[in-house]
There are 2 protein chains.
Amino acid sequence: MTGRRIKNMDEFAKLSDISRPTLSKYFNDAESVRKSSRVKIEAALEKFDYRPNMFAINQNRKLTKTIGIVVPYLADPFFSEIVRRIERRCIDAGFWPVVFSAHGQKGLESNALAILQSLRPAGALIAPLGRHSDFEVVQQFTKEVPTVVFDSNVDVGKAFVGSNNSQSIGLIVDYLCRTGEPPCFLEMPPVNPNANKRRDAYVQAMERLGHDPQVIRADGTGWEFERIGLEAGMRLITTRSLPSETILCSNDRLAIGLLAAAYQKGLRVGHGPGCALRVAGHDDHPWSQFTCPPLTTVAQDFTAIAEKSVETLFEIIKNNSTTVDRPEFVFDGKLVLRASA
Amino acid sequence: MTGRRIKNMDEFAKLSDISRPTLSKYFNDAESVRKSSRVKIEAALEKFDYRPNMFAINQNRKLTKTIGIVVPYLADPFFSEIVRRIERRCIDAGFWPVVFSAHGQKGLESNALAILQSLRPAGALIAPLGRHSDFEVVQQFTKEVPTVVFDSNVDVGKAFVGSNNSQSIGLIVDYLCRTGEPPCFLEMPPVNPNANKRRDAYVQAMERLGHDPQVIRADGTGWEFERIGLEAGMRLITTRSLPSETILCSNDRLAIGLLAAAYQKGLRVGHGPGCALRVAGHDDHPWSQFTCPPLTTVAQDFTAIAEKSVETLFEIIKNNSTTVDRPEFVFDGKLVLRASA
DNA sequence: GAGAAATGTTTACGCGAGTAAAAATAATAT
DNA sequence: ATATTATTTTTACTCGCGTAAACATTTCTC
């Protein structure tokens, strides 16, 4: 390609010998122009390296090709993995994903939504902070922008996609009860609806199986779950106040902290003989296979959640609605048996 | 505020009784208008909730307020943490950070740079993939956009900010040699310049101390360092081919994998009596304090790297250059002693 | 090969703001 | 109060592209 930089579409139109409106159509949807034009345009693109100005494009299009993705905490591997998948799908569909992280803070979430809104996105995929969201702001946003809510089922938006907490918790509670002492439940701080849903699911599952539910609340705030788990673990082990030698944590990050506490206290974790504790998690975080011992957990179906979210959003964008009123899609978890329980 | 949505600045100008050019100035820099105007505008903003259209703004401004951030792998906690800090600083300075992740793939990196360039950013902060980058593309990008390179010192851009690998590796090698058997070095796949720099630093440090350097190459490709570390560890332990009972890993994620391998093989890791291995890492990843045992490592100064990068970029944007020709700022690491070595 | 259907070109206007220049007004100094 | 300076208002043009309408050309169908 030549060094020559092309300023705008008019210039490129002259050089490629194609009219500007046709070029405009091409860039909007390459299939919408005749094949002979397409090859001409693509040949010219090879030669001149022009790309349309994003801002000018989006200023005029009634529907932008921008898709906003807002997550509460991008440093959480759960979200970085799910975002990765979502981004991929958006790009493949010719959209332009823009990612925002609230970094666990209400103010930043509101800010992200405001910036996002000024981008006039075609739609948005958001996992709200939950309890710490500025509900008004989120609701206002979803009124203006077609939105699919995922992971954290706050009652806004046009659809929800997430995990079937009651199924997945039921699954692991059942497993733990079959193979040893019924578990107590180490609950994360209730940052979002999942926290309560999982606890309730635990209680129900235990009662269904005729056991006494034992919920321990790990105190602490924010999203540093490993630290919270570690501190709770140290405290519980030191004061010998664990109601069961089997502990189900409401997420893997908490479990990772708990495993660290057990290790530091010299307690062997696992399901074999000679083990003092069994620890299980929930989510199957990318790191859970590398813990010591590897963590038994319930896998959330990242891929399914990501794909269904994107698919649903595309449908909403296309038809300007879903067939049902705010459908909720939840995916079952799968038991992942490793050494920890 | 009233429900009424304001379409554009003209409309807002009428409602707030301030001329449009003055409003334009205000949104560009609130301090640039007279105080009396400012309070009037801000009162109107309270009342009407208007925000300028991002696309229209950026179309004409010679310098956008957009800052591009490109990292090789956002799911790596090192990058998510550093990005978090960079974003914060940009927002505080009135810029709009846009984050892209290459997800470890050359094609996606090139794509991200292309999209970013079409955003006409005021500047960019990029951590190139390194060996897997399309060097041509990256170089071309940095010619058009004022760029600070961080973490991975690929020879492009107007400045580099990163860690002083030779100091930090020297530090930990020294510590390990003082306190036990001199370490061998478990090297990560050479995805970027840091890989080789750290290995060379290790060799130098060992030679300086009069020991025989022993480098083990963990094979594997991509960014799944934990898995690579785990597999290398299993192999090395099973075949008893570890040249030293002390192992320095070229990063923490590799070390996390190695710790998992040691655990699974029943080898006790730590610096106390009764331990079969000592393991140390490099970076002080957010997870390193929760490993079993907690990981001894060298902390990279995330905050300093993030701040210096941003600061340098702002200087470049402002003066259109730095005082020196492509300065390189490197920060010393700090020894973090935990239980693993 | 004629007529219909599909696609392309020409022309012209709009989007929402940045920005420059001249005129008008306000704030400050003398 | 007058002169001086700092802002603001008015007016008008620009940016790069979407898009609509009228017309011209190509491609397809029988």
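Below, chains carry the letters A, B, ... as their sequence lines are ordered, and counting in each starts from 1.
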How many whole angstroms separate atom CD of B/E11 from atom P of C/dA17?
10 Å

Could you state the CZ-P distance from B/F55 to D/dT14, rounded to the nearest angstrom?
25 Å

Is there a side-chain contact between B/S24 and the phosphate of C/dA17, meaning an N or O under 4.0 Å from OP1 or OP2?
no

State whether the distance check finds a donor on one side and an acceptor on the other, under 3.5 Å, for side chain A/R20 versus base D/dG16.
no

Contact list (N/O, under 3.5 angstrom) for nucleotides 27-29 of chain C vs protein:
none

Donor-acceptor pair between B/R85 and B/T303 side chains, under 3.5 angstrom:
yes

Within this structure, what is the CG-to-C1' distance between A/D10 and C/dA12, rounded to whole angstrom?
13 Å

The side chain to side chain contact (heavy atoms under 4.5 Å, CB included) partners of B/P77 (sequence neighbours excluded) come to A/W287, B/S80, B/H285, B/P286, B/W287

Nearest-angstrom distance from the residue atom NZ of B/K14 to C1' of D/dT10
13 Å

Spacing of B/N58 atom CG relative to D/dC17 atom P, expressed in whole Å
15 Å

d(CD1, A/I6; P, D/dC15) in whole Å
17 Å

Ion pair A/D155/A/R326, N-O distance below 4.0 Å:
yes

For B/Y26 and C/dA17, give me the distance from atom OH to atom P, rounded to whole Å.
15 Å

Using the salt bridge (Lys or Arg N to Asp or Glu O under 4.0 Å) rule, collect all pairs that involve residues 132-154 of chain A, keeping only residues at least two apart or in two chains.
A/E144-B/R5

What's the closest nucleotide to the side chain of A/I57 if the choices are D/dT9, D/dC17, C/dG8?
D/dC17

For A/R84, what residues pass the side chain to side chain contact (heavy atoms under 4.5 Å, CB included) criterion, not counting sequence neighbours?
A/E81, B/Y73, B/H103

Indicate whether OP1 or OP2 belonging to D/dT10 is found under 4.0 Å from a side-chain N or O atom of B/S19.
no

Using residues 109-116 of chain B as the side-chain source, report each donor-acceptor pair under 3.5 Å to any protein atom, sequence neighbours left out, with the distance given to one decimal.
from, atom 1, to, atom 2, distance (Å)
B/E109, OE1, B/S133, OG, 2.6
B/E109, OE2, B/L129, N, 2.8
B/S110, OG, B/K106, O, 3.3

Once side chain to side chain contact (heavy atoms under 4.5 Å, CB included) is applied, do any residues pair with B/I67, and if so which ones, sequence neighbours excluded?
B/C90, B/F95, B/L125, B/L313, B/F314, B/I317

Does the side chain of A/T22 get closer than 4.0 angstrom to OP1 or OP2 of C/dG8 through an N or O atom?
no

All N/O pairs under 3.5 Å across the protein-nucleotides 14-16 of chain C interface:
from, atom 1, to, atom 2, distance (Å)
C/dG14, N2, A/N60, ND2, 2.9
C/dC15, O2, A/N60, OD1, 2.3
C/dC15, O2, A/N60, ND2, 3.1
C/dG16, O4', A/Q59, NE2, 3.1
C/dG16, N2, B/N60, ND2, 3.1
C/dG16, N3, A/Q59, NE2, 2.9

What salt bridge (Lys or Arg N to Asp or Glu O under 4.0 Å) pairs are there with at least one residue in residues 17-27 of chain B, not counting sequence neighbours?
B/D10-B/R20, B/D17-B/K40

Can you name the side chain to side chain contact (heavy atoms under 4.5 Å, CB included) partners of B/D29, sequence neighbours left out?
B/E31, B/S32

